[in-house]
Amino acid sequence: MRILLANDDGINSTGFSVLEKIARELTDDVWVCAPETEQSAVSHSLTIHRPLRLRQIEEKRFAVDGTPTDCVLLAVNKVMKDKRPDLVMSGVNHGRNIAEDVTYSGTIAAAMEATLLGIRAIAFSQQFADGRRPDWETAAKWGAEVARKAIAATWPKHVLVNINFPAVDPDAVKGVAVVPHGIRKIGDVLEERIDPRGRTYFWIGTSRTEEAVQGDETDVAALREGHITVTPLHLDLNHAAAIQSLRGAFAQ
């Protein structure tokens, strides 16, 4: 199996080294194409207003001065054009990607781009507890096992798999929960400040409430309870019932 690795925290991030370890437990044919610098929360953005630089670091290892989407696009259509990857793995993200995070995440976006290119993809993220140093042991221990089981399943077209590891010790994991992603009430706080020249500027906060309005059987609740969450995400954003409703409205 040929695997391509990408992420949004940058090619030198700790989580990316964990992802490489996971990938090498699955195959010897591992390729890397990741951003030169951190690209968190860039979502599925594509660089179109400036040229991109593709830098080869060593054999099968490349860096791009662009977004996670750029990395996957260049890897598949340039670096690996003679033999495409069988699987794209993205992460391991520094922090969870659950609920509405999936719409902002560059980690998820790399997997999305692969899926659009017809390649199966998995996004990995590691949750961290507030006030504690980042601990990657849970992702490192469980990553390959969970990936193998996910790969063994049949995925419909335009589906990617989103995996989150809980902020617990590896031996304290309560199991794997295959769940839909939840919806949390956004609790962002805008920090308004004044710079030395007297001009106003803002920091967008990252706080979220833990309310899951879709019920308890979502990634929000399962991750909080200590489960590894596995969530298939479908790139078809159409809503069939709304289409029919609007057709009726416009037919009148």
Side-chain angles (χ1 to χ4, degrees), residues 1-8 15-32 68 72 84-99 101-102 105 107-128 135-182 212 214 216-236:
M1 180 168 56
R2 173 169 285 201
I3 297 179
L4 168 65
L5 306 183
N7 75 344
D8 72 352
F16 199 57
S17 64
V18 175
L19 184 69
E20 291 190 63
K21 176 182 178 297
I22 293 170
R24 294 188 189 283
E25 290 184 50
L26 303 173
T27 182
D28 292 329
D29 195 4
V30 177
W31 294 67
V32 166
V72 173
R84 303 174 100 203
D86 303 298
L87 177 72
V88 171
M89 294 167 54
S90 180
V92 174
N93 190 66
H94 186 283
R96 63 191 178 180
N97 274 308
I98 59 174
D101 297 338
V102 302
S105 169
T107 302
I108 301 291
M112 284 184 175
E113 186 63 20
T115 304
L116 289 171
L117 291 169
I119 302 166
R120 297 213 294 178
I122 304 175
F124 298 86
S125 301
Q126 174 65 64
Q127 181 187 37
F128 294 111
D135 186 350
W136 299 94
E137 290 184 6
T138 302
K141 177 178 179 178
W142 290 93
E145 180 179 340
V146 177
R148 282 192 190 98
K149 291 184 177 180
I151 295 166
T154 300
W155 304 356
K157 188 178 180 180
H158 293 155
V159 168
L160 64 96
V161 172
N162 181 32
I163 296 173
N164 282 270
F165 302 99
V168 300
D169 293 334
D171 294 335
V173 169
K174 292 184 178 179
V176 177
V178 180
V179 288
H181 77 85
Q214 288 183 330
D216 290 331
E217 294 199 9
T218 65
D219 55 1
V220 177
L223 195 67
R224 185 171 59 234
E225 292 166 2
H227 292 82
I228 296 170
T229 62
V230 176
T231 302
L233 301 176
H234 194 195
L235 299 189
D236 183 357

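Since the structure is predicted, the reported quantities are computational estimates derived from the model, not experimental observations.
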What residues form a side chain to side chain donor-acceptor pair (under 3.5 Å) with [X], not counting sequence neighbours?
| X | result |
| --- | --- |
| Gln127 | none |
| Thr138 | none |
| Glu25 | Lys21 |

Set of residues satisfying salt bridge (charged side-chain N to carboxylate O under 4.0 Å, His left out) with respect to Asp29, sequence neighbours excluded: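 Per chain and number, Asp29 pairs via salt bridge (charged side-chain N to carboxylate O under 4.0 Å, His left out) with Arg2, Lys60.
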
Inter-residue atom distance Leu5.CG - Arg24.CZ, 0.5 Å rounding: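 The distance works out to 7.5 Å.
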
Nearest-0.5 Å distance that lies between atom CG in Asp101 and atom CG in Asp219: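 Answer rounded to 0.5 Å: 8.5 Å.
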
Any donor-acceptor pair under 3.5 Å linking the side chain of Trp155 with the backbone of Ala121?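 It does not hold such a pair.
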
Under 3.5 Å: donor-acceptor pair, side chain of Thr231, backbone of Val179: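 Yes, the answer is positive, given that a donor and an acceptor are paired below the 3.5 Å cut-off.
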
Kindly write out the residues that satisfy ring-ring contact (aromatic ring centres under 6.0 Å, His included) with His94, not counting sequence neighbours, or none if the list is empty.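 His94 satisfies ring-ring contact (aromatic ring centres under 6.0 Å, His included) with Phe128, Trp136 once adjacent residues are dropped.
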
Is atom CG of Asp236 surrounded by more than 12 heavy atoms (other residues, nucleotides or ligands) closer than 6.0 Å?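 More than 12 heavy atoms, drawn from other residues, nucleotides or ligands, come within 6.0 Å of this atom.
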
Going by side chain to side chain contact (heavy atoms under 4.5 Å, CB included), Arg120 matches just one of Val159, Ile151, Asp86. Which one?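 Answer after filtering Val159, Ile151, Asp86: Ile151.
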
Just grab all the salt bridge (Lys or Arg N to Asp or Glu O under 4.0 Å) pairs involving residues 148-171, residues at least two apart or on different chains.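 Sorted pair list: Lys141-Asp171, Glu145-Lys149.
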
